[in-house]
J.: 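Take this structure, written in structure tokens, and hold onto it; I'll ask about it next.
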Amino acid sequence: MTAATLEAAPAKANSPFFEEKVLWVKHWTDRLFSFAITRPESFRFRSGEFVMIGLPPKADLGETKPILRAYSIASPSFAEELEFLSIKVQDGPLTSRLQHIQAGDTVILGKKPTGTLVLDAVRPGKRLFLFGTGTGLAPFLSVARDPDAYSNFEQVIVGHGVREVAELAYRDLFTREIFEDPLVGEEAQKQLVYYPTVTREPFANQGRFTDLIASGKLLADLGIDQPKFDPEHDRIMLCGSMAFIKDMAALCEAHGLVEGSNAEPGDFVLERAFVG
Ligand code: A2P
């Protein structure tokens with residue numbers, strides 16, 4: 001062993017990052033794609049958490065540090081691979097490059113997943129509403145594939161709001177595949193409801209979640225006979241743009257729900273969907 005490799009080894013062990021391999025990439029639209037990477041054996045996370053993701057610096061471009069962004073992990077806590085849902089921003093510092101990754105490429109993974117869109121941060125209840133817009137669906141792909149969601153709640157409602165029908169990524173998962181899942185399939189058949197809505201094209205459900213909730217249409221469509229959320233039974237997780245989570249949080253509060261955190265579980269929790 002040379003002096004150089006002797007020096008390099010401890011530095012890598014102390015690194016805050018893992019270097020993982022891309023397993024697959026799926027492009028949904030010219031603005032949206034999913035990918036999965038290998039999972040290090042020592043990497044633990046709770047369903048719904050996010051982690052830093054990046055690409056190795058390009059030495060030939062004079063880069064010394066990776067560009068990193070926080071990404072919700074879309075796979076459940078026990079999955080063998082780590083899945084992510086990403087936007088593609090043509091001049092985005094990370095996603096302009098990340099959108100071109102292919103199987104076998106290296107992706108950098110942070111060692112410290114964290115976040116509030118976790119079952120631990122909401123109080124016990126009857127119904128769990130998971131409202132995501134755009135890539136804000138990602139943490140709920142994790143939570144809705146976790147058996148704990150179905151043992152903690154009688155009903156799990158996944159709401160995905162997008163501008164165009166083509167952006168309803170994972171529609172097949174929520175309309176078919178999840179019902180055949182060996183771990184949660186049976187529970188999902190009885191307890192999972194998928195509510196997609198589109199705002200800028202004709203679709204079966206149309207309009208913003210804020211409007212659909214304020215008008216009572218969403219609860220009526222779900223067959224829930226109450227005009228508002230019920231602080232005794234309803235728990236809500238929110239993920240999307242700043243404007244979306246701010247407006248939805250105001251609505252939840254107007255319905256009497258209290259925001260929660262890891263330190264103090266509550267009736268609703270929120271997180272911004274990450275961009276760039
Ligand atoms: P809209 O098309 O009416 O703007 P975005 O891609 O901008 O994050 O939007 C994703 C989805 O979230 C769109 O359907 C968009 O509706 C909706 N949306 C954006 N802002 C809000 C908000 N403040 N409240 C509710 N829905 C929102």
Side-chain angles (χ1 to χ4, degrees), residues 26-35 48 50 53 69-72 74 84-96 98-99 115-117 128-144 157-171 173-175 193-222 224 227-229 234-257 259 267-276:
K26 178 181 167 88
H27 293 272
W28 302 96
T29 68
D30 57 1
R31 291 202 333 136
L32 209 58
F33 72 110
S34 293
F35 62 96
F50 66 85
I53 284 281
R69 288 287 179 275
Y71 273 87
S72 288
F84 302 92
L85 172 62
S86 178
I87 192 143
K88 304 177 197 175
V89 182
Q90 293 321 323
D91 56 357
L94 178 61
T95 65
S96 59
L98 194 66
Q99 64 182 290
T116 50
L117 301 179
L128 178 65
F129 292 88
L130 308 168
F131 291 116
T133 54
T135 56
L137 179 69
F140 307 140
L141 291 163
S142 176
V143 175
I157 298 111
V158 175
H160 191 199
V162 293
R163 299 178 188 190
E164 295 166 14
V165 179
E167 294 172 320
L168 287 176
Y170 293 93
R171 210 169 148 192
L173 173 76
F174 287 119
T175 53
V193 182
Y194 173 55
Y195 193 101
T197 181
V198 177
T199 46
R200 302 192 190 186
E201 270 184 356
F203 188 67
N205 304 320
Q206 276 182 280
R208 292 178 160 202
F209 281 123
T210 39
D211 296 332
L212 292 165
I213 293 163
S215 67
K217 184 171 187 324
L218 183 122
L219 291 176
D221 284 351
L222 295 172
I224 299 169
K228 289 171 149 202
F229 292 126
D234 294 333
R235 302 293 170 254
I236 299 176
M237 294 190 186
L238 306 169
C239 190
S241 64
M242 271 319 267
F244 172 73
I245 54 176
K246 190 170 149 273
D247 292 348
M248 284 288 290
L251 233 160
C252 289
E253 279 167 2
H255 290 200
L257 275 64
E259 186 175 349
D267 307 323
F268 75 94
V269 283
L270 51 86
E271 221 156 69
R272 202 184 143 206
F274 303 102
V275 288

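Ligands are counted one by one from 1 in listed order, and the atoms in each one are counted from 1 as well. The analysis underlying the following values was restricted to heavy atoms, covering all of them including side chains, and did not include hydrogens, waters or symmetry mates.
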J.: If we ignore angles and hydrogens, is there a donor and acceptor under 3.5 Å between the side chains of T175 and Y194?
T.: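 No, no side-chain donor-acceptor pair sits under 3.5 Å.
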
J.: Taking only heavy atoms of A243, which atoms of ligand 1 are found under 4.0 Å from at least one of them?
T.: 23 (N)

J.: Does ligand 1 have any atom that is closer than 4.0 Å to a heavy atom of F209?
T.: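 So F209 does not count as touching ligand 1.
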
J.: Where is the tightest heavy-atom contact between Y71 and S86, given as atom of each residue plus distance?
T.: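 Scanning both residues completely, I find the closest heavy atoms to be OH-OG, 2.8 Å.
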
J.: Which residue is it: F131, F229, F129? I am looking for the one with a ring pair (Phe, Tyr, Trp, His ring centres under 6.0 Å) to F209.
T.: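 That would be F131.
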
J.: What protein heavy atom is closest to atom 15 (C) of ligand 1, reported as residue, atom name and distance in Å?
T.: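 Checking every protein heavy atom, the shortest distance to atom 15 (C) of ligand 1 gives T199 OG1, 3.9 Å.
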
J.: For atom 10 (C) of ligand 1, what's the nearest protein heavy-atom neighbour? Residue, atom name and distance, please.
T.: T133 CB, 3.9 Å

J.: For atom 3 (O) of ligand 1, which protein heavy atom lies nearest, and how many Å away is it?
T.: R208 NE, 2.8 Å

J.: Among G207, G161, A250, which one has a heavy atom closest to atom 11 (C) of ligand 1?
T.: G161

J.: Testing I87, T135, V162 for side-chain contact (heavy atoms from CB on, under 4.5 Å) with E167, which one passes?
T.: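 Of the listed residues I87, T135, V162, the side-chain contact (heavy atoms from CB on, under 4.5 Å) partner of E167 is V162.
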
J.: What residue and heavy atom of the protein are closest to atom 23 (N) of ligand 1, and at what distance?
T.: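 It is D247 OD2, 2.8 Å.
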
J.: Considering only heavy atoms of T210, which atoms of ligand 1 have at least one such atom less than 4.0 Å away?
T.: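 Under 4.0 Å from T210, ligand 1 has these atoms: 24 (N), 25 (C).
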
J.: Of all the heavy-atom pairs spanning L117 and P139, show the shortest one and how long it is.
T.: CD1-CG, 3.6 Å

J.: Can you find an N or O of V162 that's nearer than 3.5 Å to an N or O of ligand 1?
T.: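 Checking ligand 1 against V162, an N or O pair does fall under 3.5 Å apart.
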
J.: Among protein heavy atoms, which lies nearest atom 8 (O) of ligand 1, and at what distance?
T.: S241 CB, 4.1 Å

J.: Do S72 side-chain atoms and G48 backbone N/O form a donor-acceptor pair below 3.5 Å?
T.: no

J.: How far is atom 9 (O) of ligand 1 from its nearest protein heavy atom, and which residue and atom is that?
T.: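 Checking every protein heavy atom, the shortest distance to atom 9 (O) of ligand 1 gives R163 NE, 3.9 Å.
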
J.: Report yes or no: does a heavy atom of G240 sit under 4.0 Å from some atom of ligand 1?
T.: no

J.: Of all heavy-atom pairs between V198 and R163, which one has the smallest distance, and what is that distance?
T.: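 Where V198 meets R163 most closely, the heavy atoms are CG1-O, 3.1 Å.
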
J.: What's the shortest heavy-atom distance between F50 and G115, and which atoms?
T.: CE2-CA, 3.8 Å

